[in-house]
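One structure is given here, and the rest of the page talks about it.
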Amino acid sequence: MKRILLMVFRNIILVPYMWIKLCYHASHVDKYTEEEHYKMLKFITNRANKGGNVKIDVHGLENIPKENGFMFFPNHQGLYDVLAIVDVCPAPFSVVAKKEVADVQFLKQVFACMRAYMLDRNDVRQAMQVIIDVTKEVQKGRNYLIFPEGTRSRNGNQVGEFKGGSFKSAVKAKCPVIPVALIDSFKPFDTNSTAPVTVQVHFLEPISYDEYKDMKTTEIAAIVKERIQETINKYQV
């Protein structure tokens, strides 16, 4: 909370404008292209990071496919994760998030602009429909992000269990799977500090459909988790 207040205070002149603009975009989703929404979100996150003493150290931008229609699979450390990736990722993407965060102010508007899907983990039928819808959108060229852990690990840089079901849309869409390793992404919003912090975002080498097409989703999940944890172990300070 302290860092959020710092972000607001240091951008006090811009905050009313940015908030109104964000809410307007969220309420008029079809009025803007995905690129226009994403440009606005990147501006807001960049200013917030500067004001909040947050630096993003990005690696592996060359691993992001040049053609759209891929899926990111990061480890999940906290509420800040998506904002860290938005700040440094040049390609627009959407998100599949749990419905519990659907009413969190700011995130609610951000997810609206991203045309994100809110997943009800207690509703199997709704979850299956989300998989179908995301599959169709990825096949049409949209990019998506799903947290395979399903919820925040709450164990800092220790990765939790990756669920195989998170990869069903990628398998059905036959799209590249891009593991994303987040390091110290829990610190901006999940610690009670305003001290300068560096969050690392590592876009790892894509796993093509030809590489995983004969695997079970649980096997894909295990490989992605292993690569992410190895990267975290290598680069965390």
Side-chain angles (χ1 to χ4, degrees), residues 26 29-30 34 37 41 68-86 89 91-155 159-182 185-186 206-209 211-229:
V29 174
D30 295 332
E34 187 168 35
H37 283 304
L41 293 176
N68 291 323
F70 55 81
M71 296 187 71
F72 290 130
F73 291 91
N75 54 308
H76 196 6
Q77 295 193 341
L79 294 172
Y80 181 76
D81 296 346
V82 171
L83 302 181
I85 297 173
V86 166
C89 180
F93 64 91
S94 188
V95 177
V96 176
K98 59 184 181 180
K99 72 168 188 176
E100 286 82 354
V101 299
D103 293 323
V104 176
Q105 289 301 315
F106 182 69
L107 289 181
K108 175 182 179 179
Q109 286 77 20
V110 168
F111 288 148
C113 292
M114 299 177 87
R115 294 186 176 92
Y117 282 99
M118 297 294 110
L119 184 67
D120 185 349
R121 293 175 293 180
N122 297 317
D123 187 336
V124 176
R125 180 175 296 180
Q126 190 263 1
M128 287 302 300
Q129 188 60 50
V130 168
I131 291 172
I132 293 170
D133 291 342
V134 170
T135 298
K136 290 179 180 178
E137 294 205 18
V138 172
Q139 289 173 333
K140 291 178 181 178
R142 293 196 77 208
N143 309 315
Y144 269 85
L145 179 152
I146 294 180
F147 292 108
E149 289 162 285
T151 189
R152 289 176 281 172
S153 67
R154 299 187 185 279
N155 289 313
V159 179
E161 177 188 357
F162 275 27
K163 298 173 175 61
S166 302
F167 294 85
K168 287 183 178 179
S169 290
V171 173
K172 292 179 180 294
K174 301 180 180 180
C175 72
V177 165
I178 298 97
V180 182
L182 298 175
S185 187
F186 63 95
I207 305 172
S208 69
Y209 177 69
E211 292 179 76
Y212 69 73
K213 64 181 180 181
D214 296 322
M215 298 181 187
K216 297 178 180 178
T217 55
T218 51
E219 294 174 319
I220 302 171
I223 290 173
V224 172
K225 176 185 175 180
E226 181 181 15
R227 293 185 183 182
I228 289 175
Q229 189 64 68

Fill in the blank from the handout: Closest non-hydrogen atoms of Asn143 and Pro92, given as atom of the first, atom of the second and distance, are ND2-O, 3.0 Å
Completion exercise
Across all chains, not counting sequence neighbours, the salt bridge (Lys or Arg N to Asp or Glu O under 4.0 Å) partners of Asp123 are none
Exercise for the section: Supply the atom-to-atom distance Ile228 CD1 to Ile223 CD1, rounded to the nearest 0.5 angstrom. Expected result: 12.0 Å
Handout entry: Side chain to side chain, Val86 and Phe93, heavy atoms closer than 4.5 Å
Key = yes
Handout entry: Flag side-chain contact, heavy atom, 4.5 Å: Val134 against Val96
Key = yes
Completion exercise
Heavy atoms of Phe162 and Pro74 approach each other most closely as CZ-O, 4.4 Å
Exercise for the section: To the nearest 0.5 Å, tell me how far Ile146 CD1 sits from Phe72 CZ. Expected result: 12.5 Å
Problem - Ala26 backbone acceptor or donor facing Gln109 side chain under 3.5 Å - result: no
Side-chain donor/acceptor pairs under 3.5 Å, residues 164-181, sequence neighbours excluded:
from	atom 1	to	atom 2	distance (Å)
Ser166	OG	Lys163	O	3.3
Ser169	OG	Ile131	O	3.1

Exercise for the section: State, to 0.1 Å, how close Glu219 and Lys216 come at their nearest heavy-atom pair, and which atoms those are. Expected result: OE1-N, 2.8 Å
Problem - Contact summary for Ile207 and Arg227, nearest pair of heavy atoms - result: CG1-NH1, 3.3 Å
Problem - Qualifying ring pair (Phe, Tyr, Trp, His ring centres under 6.0 Å) pairs with a residue from residues 96-151, counting only residues at least two apart or across chains - result: His76-Phe147
Handout entry: salt bridge (charged side-chain N to carboxylate O under 4.0 Å, His left out) contacts touching residues 110-119 (sequence neighbours left out)
Key = Asp30-Arg115
Practice task
Just do the side-chain contact (heavy atoms from CB on, under 4.5 Å) check on Ile85 and Leu182 with the steps written out, would you?
Solution key: CA-CA 9 Å; Ile85 297 173; Leu182 298 175; 4.1 Å; yes
Handout entry: For Tyr209, ring pair (Phe, Tyr, Trp, His ring centres under 6.0 Å) partners two or more places apart
Key = Tyr212
Practice task
Identify the heavy atoms of Asp120 and Gln126 that sit nearest to each other, and give their distance.
Solution key: N-OE1, 2.9 Å
Completion exercise
Residues at least two apart in sequence or cross-chain that pass salt bridge (Lys or Arg N to Asp or Glu O under 4.0 Å) with Arg142, listed by chain then number, are Glu34, Glu137
Problem - Nearest heavy-atom neighbours spanning Ser94 and Met114 - result: OG-O, 2.6 Å
